[in-house]
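I have a structure I would like to understand better, so I am pasting it below and will then ask my questions one at a time.
Computed over heavy atoms, backbone and side chain alike; hydrogens, waters and symmetry mates excluded. Naming: A, B, ... by sequence-line order, numbering from 1 per chain. Bear in mind that the values here come from a model prediction, so they are computed numbers and not experimental data.
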Amino acid sequence: MTVIRDRIAGGAVALLGLYYILQSLRYGIGSAARMESGFFPLLLGILALGLGIGIMVQLADRLAGQEEDVEKINWRAVIMLPAAIVAFAATIRPFGLVPAVFLTVLISSFADRGFGWKPALVLAIFVTIFSTLIFKIGLELQVNIIRWPL
Amino acid sequence: MNEIFDHLALGVSAAISPLTLGYCLFGVTLGTLVGLLPGVGILATIAMLMPLTFHLDPMVALVMLAGIYYGAAYGGSTASILLNLPGTAATAVTCLDGYPMTNQGRGGVALFMTTIASFVGSIIGIAMLAAFAAPLATAAVRFGPQENFSLMVLGLVAASCMSTTSPLKSLAMCVIGVMFGLVGMDVTTGTVRFTFGVRHLYEGISLVALALGIFGLAELMKNAGIVTSQKVRARDITMRSMLPTREDWRGPGEPCCAAPVSAPSLARFRAPEARSPPSCPTRSNGGFTAGPRSSARAPSKAWPVPRRPTTRQFRPHSFRH
């Protein structure tokens, strides 16, 4: 599995480098004495492309045969945690701190399968209270505690 | 030389009064508490706590602000060690070695060593600054783009030697980091690069967001549903658990830290690389925390030394989240 992982990782690095190379051509290269904004990205892109291919080829070959436990991807967490962050970003401005924190904690607690409804609610309520105390009352951040925009 | 001691004595005589020290303690405590919150960096902490010093005598206010500064810098390392959540780019290194120690149930030792190391590092940094500020200033003025660039490359390559897996991978890591750093408006030409037209990216990728995403979120995704018991329990960190073992003491930090151009992050990355032979993977966690912290303190003292604002660290990015 390590081999596959290294191939994927190296491929990703190489692709990123390729993108930088192509993109930097659009920004204009210039010369070393008179650089335009594409010069440095071009160099980096070439470096990344080379390194990525190197990782794909050399490393994968050297490690071929070595097995490593690859953890199963926890899709629940991969989906729920970013969703919680998006929820925070979406609610903090229109609705204020309390609903945003509450939603964030509630959603992110779904990332853990063993977490039931009730502990999640209790946790969300407590974290909301504490973060309101710390950030609004303690540090006086410029956020609304709670509001209704409609 | 005598002049330096006279000035230091004057400063000490002014600062040592119960009232000033009290405010200093107050500032350090508050700064540590706020700095503990992941994602709240030193600058943000100072900005939030600044109003507390408004009614004070200027000298006392400065002492308290210094306390807040150090408290915040120190508090960030606690979150890094216990939770693997770096508050600033500079404490990211503390994650690398501090958090594994927590996993081994030795978080107390990591905390203790960070404390001692940052204290010793601060003192050395202050002494170095007092002794070398004037000569450093002349050297700093002569630091041109070439020197800056070379130092950066040195730092990045050195950082990539830190990893124990494969130099190719860690070099790729550095290159990708620099590539991410290019996002936003080009400083010299004003061209907007790699933003996909998103206006929020014009000033670059926020360092806090990136660090939290890579270190914090990834760790959470990995552990959600797998870690059943808490790794850190308050009662596990007793006074006794903080005593380092004999092996923990081995290995010094690194004295190279007062280079006026290098940002704290760079010096912090320099320290572990110097004393980590890739051949000691198991115990290598032991001495690590002390290195980056102590050498990290020195530049945090040294950054008031005049230098060109070429590094991005001190742009007030951390204010925005």
Over 60° means perpendicular and under 30° means parallel, so classify the ring planes of B/F196 and A/Y19, tilted if in between.
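It falls in the parallel class, under 30°.
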State the CD1-CG distance between A/I55 and B/L171, to the nearest 0.5 angstrom.
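Separation between the atoms: 9.0 Å.
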Among residues 30-41 of chain A, which residues come closer than 4.5 Å to chain B, judged by heavy atom distances?
A/S37, A/F40, A/P41
Nearest 0.5 Å please: distance from the CZ atom of B/F180 over to the CG atom of A/L16.
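Between B/F180 CZ and A/L16 CG, I get 6.0 Å after rounding to 0.5 Å.
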With a cut-off of 6.0 Å (strictly less than), are more than 12 heavy atoms of other residues, nucleotides or ligands near CZ of A/R93?
no
CG/A/L51 to OG/B/S170 distance, rounded to the nearest 0.5 angstrom?
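It comes to 9.5 Å.
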Hey, which of B/V178, B/L30, B/L33, B/D186 has the most heavy atom pairs under 4.5 Å with chain A?
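Heavy-atom pair counts peak at B/V178.
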Is the backbone N or O of B/R193 less than 3.5 Å from a side-chain atom of A/Y27, with the two atoms forming a donor-acceptor pair by type?
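A pair under 3.5 Å: no.
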